[in-house]
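Worth knowing before you read on, the calculation uses all heavy atoms, side chains too, and leaves out hydrogens, waters and symmetry mates.
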Amino acid sequence: MVGEYLDLSSGDTPQRPPQTAAQTRKFVGIQFACCGVYARVYVNREGTAYEGRCPRCTKPVRLEIGPGGTDSRFFTAR
């Protein structure tokens with residue numbers, strides 16, 4: 001209505017629900033050149049590498065985690 005205002009800045013902010021283990025898993029983004037598709041690849045159980053497969057042709061990819069690491073989060077698998 002005219003003359004009424006909605007103040008969205010006051011009051012308590014809602015709390016986010018706690019994150020589950022699935023929501024906090026480390027991943028990198030891979031562009032699979034074989035099929036032109038993108039997918040997330042997650043860290044294996046041992047924590048030694050990122051392992052996954054192309055979602056279309058199932059070509060495997062493995063990125064080992066080295067001592068120095070990298071700041072890159074996106075890669076292309078050829």
**Request:** To the nearest 0.5 angstrom, please state how far the CZ atom of Arg78 sits from the SG atom of Cys34.
**Result:** 11.0 Å

**Item:** Working for side-chain contact (heavy atoms from CB on, under 4.5 Å), residues Phe75 and Thr70
**Value:** CA-CA 11 Å; Phe75 300 90; Thr70 181; 4.1 Å; yes

**Asked** So how far is it from Arg40 CZ to Tyr50 OH, rounded to the nearest 0.5 Å?
**Response** 12.0 Å

**Message:** Grouping I, L, V, M, F, W and Y whenever their side-chain heavy atoms are under 4.5 Å apart, do Val37 and Ile30 come out in a common cluster?
**Reply:** yes

**Asked** At their closest point, which heavy atom of Arg62 faces which heavy atom of Thr48, and how far apart are they?
**Response** NH2-OG1, 4.1 Å

**Prompt:** Just by modelled atom types, is the Phe74 backbone N or O under 3.5 Å from a matching donor or acceptor in the Ser72 side chain?
**Reply:** no

**Asked** So, for Gly36 and Gln31, which heavy atoms are closest and what is the spacing to 0.1 Å?
**Response** C-NE2, 3.3 Å

**Message:** A side-chain contact here means heavy atoms from C-beta on lying under 4.5 Å apart; do Phe32 and Thr76 qualify?
**Reply:** no

**Prompt:** In Å and rounded to the nearest 0.5 Å, what is the CD to CD distance from Glu51 to Glu46?
**Reply:** 7.0 Å

**Message:** Determine whether a donor-acceptor pair (N or O, by modelled atom type, separation under 3.5 Å) exists between the side chain of Lys59 and the backbone of Ala77.
**Reply:** no

